[in-house]
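Worksheet: one structure, shown below.
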Amino acid sequence: MEGEKYYLGFDFSTQQIKLIAVDDNLKVVFEGHVKFDTDLPEFGTSGGACVHDDKVTVTAPAAMWVKALDMLLDQMKSEGFDFSKVAGISGDGQQHGSVYWKKGARNVLGNMQPDKSMYEQLKDCFSLKDSPIWQDASTGSQIIQLQDAIGGAMELARLTGSRGFERYTGTQIMKIYQTNREAYDNTERISLISSFAASLFMGDYAPIDFGDGSGMNLLDIRNKVWASKCLEACGPCLGDKLGEPVPSKTVVGNVSSYMSRKYGFPSTCKVVAFTGDNMCSLAGLAPRKGDIMVSLGSSDDVFILLNGAKARLSGHVFIDATDTLPFVGLICFKNGSLTRENVMNRCAGSWKKFDEMLLKTPPGNNGNIGIYFDKKEIQPVAMGTFRFNENDERVESFPPEVEVRAVLEGQFLARLMYAKLCGLQIGPESRVIATGGASANQAILQIIADIFNTSVYITDVPNSAALGGCYRAKHALMPEGTPYSEVVKGLPEPTCACKHTPGLEKVYMPMLERYKKLEEKVAAM
Ligand code: 5FX
């Protein structure tokens, strides 16, 4: 392709499809989105999802995603976006969700006519109209069956990177096989939402990539092949229905003739494997080795790049989609900003006052430790508020200035403890990169710096997942062996927000040990 080139990143997230186009210098040249609830109200979703009567089954209609993509591409066309410049497309999907293509669908997908929409042509191509998504929590009995078949939760974690989780695709598929045999038998291909999205651009089944494939409890993450024992436990002929997984950097094909004829994509435009939203978002943030990404939102997520995968019952290990290091560790904590906010409201009334009160107690909080799980936490599985004095005795309440420090210290001791269990090693190269709403709060950042004993940087990258899709598309089209760092080298660096206070490790390291024991006590309560 001569002249200016564009790379597109599509983020098929839970609530919307977001698109970003960048040029060869990674400058954003176009943005668009379609929101499922408001732009496609006919599907009746709330937050992009349908919660069933049992409250634990959560799905989204696969045809809705197709119609949303039609809408987004039509919108780009009507706004004059120049598709002829697009050299590569990649993106991501909300992790774990699965799409069931019915027998004969491949043929329809490969022969779509540009005078009709994809929706018109594909809407009847799904053997299961409602795709299970990551919010589903209905597969408890299947988890037990899968773990039993593999030799226990720890063995499943060693093999696939995670113990059994309800939202993970393997047990979702097992549930469909057990409860809707007709749909299972009538399925010729099971895609993840990511590979389903890539398939729409290719006009053929796109393979599942290693990154998103690691969120299924089906992939042997060290050997990068389906784990046959897991496949056998989840459904017959499952390997055939899934197709072979591929590295995340794979060019999976060219755009379909439908895409070229309808929108004017060059026929040489490459589709690069789509991956999971978390991996793609990480690609958009472009971490370097040694970075600890701490996303402070309604839930808190900690991401670390890892050389090796340790088997643990908490957190998840995924294969890195950028090849910066072999693996990514992800630990998700349900009690994040809302829990901090609850304490702020109860004890201070404003963030300004909260920050002032924080200064009334010393780091280490005179030995007081609080554990605040307003919602049922993921690790440990526990709920409630637990306060301990300097003698590790449970107490009913703390004075307000102790409570405000206790919520922050308790949360970030937990983040550090689980990151270490996942394989985090803090060295001179390490830095914490904080993102998300609460990363604007300097007092919170200082506590993170002191507990992690390293500097904290901040970065503001809205839509990091869609951007990560653009960067990954460009990366895949560069000469073989080009490191990902080469693609993102011109991007703005995160800025240093605070340094750790020397000497405080003497306070926080023993406190971490105490926290560990107290949390074990809480988990056993
Ligand atoms: C990760 O394991 C998750 O389930 C979520 O972060 C989804 O990927 C959100 F889309």
Side-chain angles (χ1 to χ4, degrees), residues 9-18 33 35-36 45-49 51 56 58-60 65 68 91-99 131-139 143 156-157 160-172 191-197 208-219 221 248 274-285 293-304 312-321 327-337 375-379 418 422 435-436 463-466 468-469:
F10 288 88
D11 170 29
F12 280 61
S13 74
T14 314
Q15 303 186 11
Q16 63 168 345
I17 304 181
K18 172 80 192 171
H33 64 258
K35 293 204 186 278
F36 305 132
T45 57
S46 168
V51 180
V56 284
V58 185
T59 60
W65 297 320
D92 68 88
Q94 44 173 310
Q95 283 198 261
H96 318 297
S98 43
V99 176
S131 285
I133 65 164
W134 65 279
Q135 292 163 339
D136 186 280
S138 67
T139 59
I143 292 182
L156 188 61
T160 69
S162 299
R163 67 167 168 83
F165 283 94
E166 281 155 322
R167 64 193 192 284
Y168 270 50
T169 327
T171 43
Q172 292 290 341
S191 296
L192 289 179
I193 295 170
S194 54
S195 60
F196 152 81
I208 290 172
D209 80 300
F210 291 159
D212 212 9
S214 328
M216 303 173 78
N217 279 145
L218 293 177
L219 190 73
I221 57 166
S248 306
F274 281 43
T275 189
D277 55 353
N278 289 301
M279 277 68 77
C280 217
S281 181
L282 202 60
L285 295 169
M293 315 297 292
V294 179
S295 154
L296 302 166
S298 47
S299 69
D300 286 351
D301 293 314
V302 178
F303 292 90
I304 43 177
R312 315 114 20 254
L313 294 180
S314 58
H316 313 281
V317 177
F318 302 125
I319 296 171
D320 180 24
F327 299 106
V328 172
L330 163 66
I331 315 139
C332 180
F333 301 86
K334 251 196 207 155
N335 292 283
S337 285
K375 288 196 208 118
K376 194 170 169 192
E377 190 46 85
I378 302 173
Q379 60 275 303
Y418 283 103
C422 196
T435 62
N463 306 308
S464 53

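Both backbone and side-chain heavy atoms feed into the values below; hydrogens, waters and symmetry mates do not. Just so it is clear, the model here is predicted, and its values are computed rather than measured. Order of appearance sets the numbers: ligands from 1, and atoms from 1 within every ligand.
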Without hydrogens or angle criteria, can the side chains of Asp212 and Ser194 be said to hold a donor-acceptor pair below 3.5 Å?
-> yes

In Å and rounded to the nearest 0.5 Å, what is the CZ to CZ distance from Phe196 to Phe274?
-> 10.5 Å

Within the side chain of His96, is there an N or O that forms a donor-acceptor pair under 3.5 Å with the backbone of Tyr168?
-> no

Qualifying residues under side chain to side chain contact (heavy atoms under 4.5 Å, CB included), relative to Thr171, sequence neighbours excluded = Thr139, Gln142, Ile143, Leu146

Excluding sequence neighbours, so at least two apart, what forms side chain to side chain contact (heavy atoms under 4.5 Å, CB included) with Gln16?
-> Ser13, Lys18, His33, Lys35

Who passes salt bridge (Lys or Arg N to Asp or Glu O under 4.0 Å) against Asp300, sequence neighbours left out?
-> Arg340, Arg415

Pick out the protein N or O atoms lying less than 3.5 Å from any N or O of ligand 1, and list each pair with its distance.
residue	atom	partner	partner atom	Å
ligand 1	2 (O)	His96	NE2	2.7
ligand 1	2 (O)	Arg167	NE	3.4
ligand 1	2 (O)	Arg167	NH2	2.8
ligand 1	4 (O)	His96	NE2	3.2
ligand 1	4 (O)	Arg167	NE	2.8
ligand 1	6 (O)	Asn278	ND2	3.1
ligand 1	8 (O)	Gln95	N	3.2
ligand 1	8 (O)	Asp277	OD1	2.7
ligand 1	8 (O)	Asp277	OD2	3.3
ligand 1	8 (O)	Asn278	ND2	3.3

